[in-house]
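Small disclaimer: the values here were computed from a predicted structure and weren't measured. Hydrogens, waters and symmetry mates play no part in the numbers below; they use all other heavy atoms, side chains included. Start at 1 and go down the list; that is how both ligands and their atoms are numbered.
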Amino acid sequence: MSFANLGLIDSILRTLEALDYREPTPVQKQAIPAVLKGRDVLAAAQTGTGKTAGFALPLLQKLTMEGSQVAANSVRALVLVPTRELAEQVAQAVQQYAQNLPLRTYTVYGGVSINPQMMKLRKGIDLLVATPGRLLDLYRQNAVRFDQLQALVLDEADRMLDLGFAKELDELFCALPRKRQTLLFSATFSDAIRLMAKELLRDPLSIEVSPRNTTAKGVKQWLVTVDKKRKSELLLHLYRERGWDQLLVFAKTRKGVDELEQLLLAEGIAADSIHGDKPQPARLRALQRFKAGEVRVLAATDVAARGLDISELPRVVNLDLPIVAEDYVHRIGRTGRAGATGEAVSLVCADEVELLAAIETLIGQVIRRQDEPGFEPDHRVPVTAPGGAVLKKPKKPKVKLVPGAGARAGQGKIHMGNWFEADDDKPKAKAVRAVPKFGEKPRPKKK
Ligand code: AMP
């Protein structure tokens, strides 16, 4: 099937030819005609399979065919995305797709000056890509209006609908016209999010181009078990031993990302990082340098997990497993895009076995283990089984208590209703806080 069969107009077909898009991907085959007809859509398709063009091409065509003029400060179609990097990328794709069309497209996101965005919105925008927080700021300042809005897209829809964006989205939904076309796209949808999504959609076409929550076929997944404290050392070892080239490494925390970047730089490896505490220009620069191949290793939090299209990225490493299983699918989806092959390697310690089991349940497969000689863990990672079961509990690591080392937050315990610091050796230890027995009056405080 060709793009022409889907009912796209000549000016768009010419653009697709120039981009060397020879035939529509499965999600495009189903989404493009449905969106052109004006239907609401809930589309689940694997990472890197052309979802952006799936919603952008038909929306751009509809906006062109209707031909109406966009009023000052107004928006006719809105695409909401969860991160600034993704906003930039989707906007670039939209701009490419709209290059032969008489339309204005633009993107707004936080972390950069709002004034140029306000100026640009004055003339009105046909298709706007935005992150929710900045869009709301602009709306509150009357820089953007939605009375002409006819279509709303939530890209990475499950992320957009989870609790993190609830406040902003509630306010935005109140401001949007109720009569509109709504399109939800993602690689992962939990059942709870599907239920919530249904509330937003009117007789939607449900597109499911692969089994639910699956990872891209071309991505080879494996894991190495290792003690937590040796993870960075193992990463460096694998990087050198296996001659790994470009690498996107995910760590759980911003601090973890910074520490990894510092370590890599100290080892003479060209590295950079992306996380929420970095100024936006530095985040964008890091991504550009990585895409251009100037940076060999990009360390990131899950802010880089969704949607980013890094051409021919060969490998993703999880230095830490993600807390939310769906994020695993998105993280490793940065490789193996547009039919390419890739590799996803996770460094897993005993503490993470429950996270591993949840991921394996979600993706419906047990990830292959491969030991790395010299890095066998002291704290064994229990074997997981199909369905995400943990077969044996990990041995509790013995904590050596150092007498007199002072209190450490979160390391005490309650025994017989009394709180003991970590360093106290129950039951000889003296209670820090006495809890009155049932029926006993609390002792008066000493003056
Ligand atoms: P997306 O999932 O939208 O981020 O797209 C993943 C990659 O596939 C991007 O680099 C797109 O430019 C590319 N792409 C999307 N649709 C097609 C197509 N029909 N033929 C070839 N490449 C495509």
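Relative to the six-membered ring of Y106, K120 meets both conditions, a distance below 6.0 Å and an angle of at most 45° to the axis. Taking the ring centre of F165 as origin, the terminal cationic atom of R159 falls outside the region bounded by 6.0 Å and 45° from the ring axis.
Within 6.0 Å of NZ in K228 there are 12 or fewer heavy atoms belonging to other residues, nucleotides or ligands.
Residue E343 forms a salt bridge (charged side-chain N to carboxylate O under 4.0 Å, His left out) with just one option from R242, R315, R368, and that option is R315.
Note that the CD atom of Q370 and the CH2 atom of W222 stand 5.0 Å from one another [nearest 0.5 Å].
Protein residues with a heavy atom closer than 4.0 Å to ligand 1 are F3, Y21, E23, T25, Q28, G48, T49, G50, K51, T52, D309, R337, A338, listed by chain and number.
Between R194 and E208, at least one side-chain N (NZ, or NE/NH1/NH2) sits under 4.0 Å from a carboxylate O, which counts as a salt bridge.
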